[in-house]
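Below: one structure, written as structure tokens.
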Amino acid sequence: MSQSESPIRTMFDVQRTAIKQSQQLFEQGLAAQRNVDAMALTGLEGQASLQRQQLEFAQAASHGYVSAAAALLPSDDTEAHRAIDETFDQLKATHAEFYDALERDLERDLNAATGLAEDVETALDEQTEQFLELTASIEEQTVENVDEFSSRLDEQLERTRELQTRLADQLERQTDDIEALLEQQADQIETFQQQLAEQTETGLQQIPVQGRDEPHTKIETDPEHTLEAIEGIDADVREELADAGIATIDDLTRAGADAVAEATDISEDRATEWIEQAEA
């Protein structure tokens, strides 16, 4: 039994029980009425009204049962409602005929009234049995439709999960592609920055020394002519001077004090002392 079948069958069982109880109440009313008829006619009209209300209650309950069943899975329940109305119309007509005849003939022939009551019970039993068979058919169809709907819903959910998985995979691949593209662009930017730095350094080496007409560039010379012999010029200062095109003692003597001071961020007096040491 499927998960959807159990509550549906339970609902149908409850409705069948209610119908049977209504039938039993009606039959009990007929039996009681037969006893009352033997005693007096005073309560005949009230009893007929009560039993008609019971018929209407059973009819309303039957309509409610069919509507509840149809609500589980939308379908055309017009035929079922029509069958209910026809069945109970027949019962009501039989009931009315019974009480009309009972009122006319009870005093003359209680036995005839009793026989008619039995006919009513038989008719009620037959009609109720037919109706229960109809509801059993509706029950089976409803269970089948609900199971089919549940199966389709499960299939749709499975397709939805598969689609979500494919979308997640596609998003992951796109994310990887974007990360790879960003890394490539970062490498290109880094390469460009290195090339730009190299070009900038080359351009600075070709800038003429301020204060002289003759251009100078950063050159490699014999160690005996380097600036290491000048007191106060360490490796960092030599690198700053080389960037300005002052790499040898001769370059220092040709450079002006203002150019040396600007290249090394020192005072012109200190730069003049270095130049004098180079000329000595």
Side-chain angles (χ1 to χ4, degrees), residues 2-4 73-74 146-280:
S2 65
Q3 293 181 352
S4 61
L73 188 64
V146 170
D147 287 343
E148 181 180 357
F149 175 77
S150 298
S151 177
R152 291 180 180 178
L153 180 61
D154 291 340
E155 292 175 359
Q156 183 62 40
L157 290 175
E158 182 63 26
R159 288 195 292 270
T160 300
R161 285 191 291 266
E162 292 176 357
L163 178 60
Q164 289 175 340
T165 301
R166 289 198 298 271
L167 290 176
D169 293 341
Q170 182 178 0
L171 179 60
E172 183 177 358
R173 289 195 298 271
Q174 291 177 348
T175 301
D176 293 340
D177 293 342
I178 292 174
E179 290 178 352
L181 178 61
L182 291 176
E183 291 179 359
Q184 181 180 359
Q185 291 178 346
D187 293 340
Q188 292 176 350
I189 292 173
E190 183 178 358
T191 301
F192 174 77
Q193 289 176 339
Q194 291 177 351
Q195 293 175 350
L196 181 62
E198 292 174 358
Q199 293 175 359
T200 301
E201 182 177 357
T202 301
L204 290 175
Q205 291 175 359
Q206 295 176 353
I207 296 176
V209 179
Q210 185 177 356
R212 299 289 184 177
D213 295 334
E214 183 180 357
H216 296 279
T217 59
K218 181 178 180 181
I219 58 176
E220 298 292 338
T221 62
D222 190 292
E224 296 181 356
H225 296 86
T226 62
L227 300 176
E228 295 180 0
I230 305 302
E231 182 179 357
I233 299 180
D234 56 19
D236 293 336
V237 175
R238 287 197 299 274
E239 183 175 355
E240 293 174 349
L241 291 172
D243 291 339
I246 305 172
T248 67
I249 289 179
D250 292 339
D251 293 336
L252 183 61
T253 59
R254 289 195 298 268
D258 54 348
V260 174
E262 182 178 356
T264 58
D265 197 22
I266 62 172
S267 65
E268 291 189 8
D269 292 340
R270 184 68 180 277
T272 300
E273 293 177 2
W274 289 351
I275 293 173
E276 289 175 353
Q277 289 184 50
E279 293 174 344

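These figures come from a predicted structure and were not determined experimentally.
- Defined by atom type and a distance below 3.5 Å, a donor-acceptor pair is present between the side-chain atoms of Asp251 and Thr248.
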Let me have the donor-acceptor pairs involving side chains of residues 266-280, under 3.5 Å, with sequence neighbours excluded, atom names and distances please.
{"residue": "Ser267", "atom": "OG", "partner": "Arg270", "partner atom": "N", "Å": "3.3"}
{"residue": "Thr272", "atom": "OG1", "partner": "Glu268", "partner atom": "O", "Å": "2.8"}
{"residue": "Trp274", "atom": "NE1", "partner": "Glu231", "partner atom": "O", "Å": "3.3"}
{"residue": "Gln277", "atom": "OE1", "partner": "Glu231", "partner atom": "N", "Å": "3.0"}

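- Put simply, CZ on Arg152 and CG on Asp154 are 12.5 Å apart, with the number rounded to the nearest 0.5 Å.
- How far CD1 of Ile178 is from CG of Leu182: 7.5 Å, rounded to the nearest 0.5 Å.
- Separating the CG atom in Leu227 from the CG atom in Asp234 is a distance of 11.0 Å, to the nearest 0.5 Å.
- When Thr175, Leu181, Asp177 are each tested for a side-chain contact (heavy atoms from CB on, under 4.5 Å) with Glu179, only one passes: Thr175.
- Between Ala255 and Ile246 the shortest heavy-atom distance is CB-CD1, 3.7 Å.
- Contacts classified as salt bridge (charged side-chain N to carboxylate O under 4.0 Å, His left out) and involving residues 156-175 (residues at least two apart or in different chains) are given here: Glu158-Arg161.
- Distance check, rounded to the nearest 0.5 Å: CG of Leu241 to OG1 of Thr264 gives 5.5 Å.
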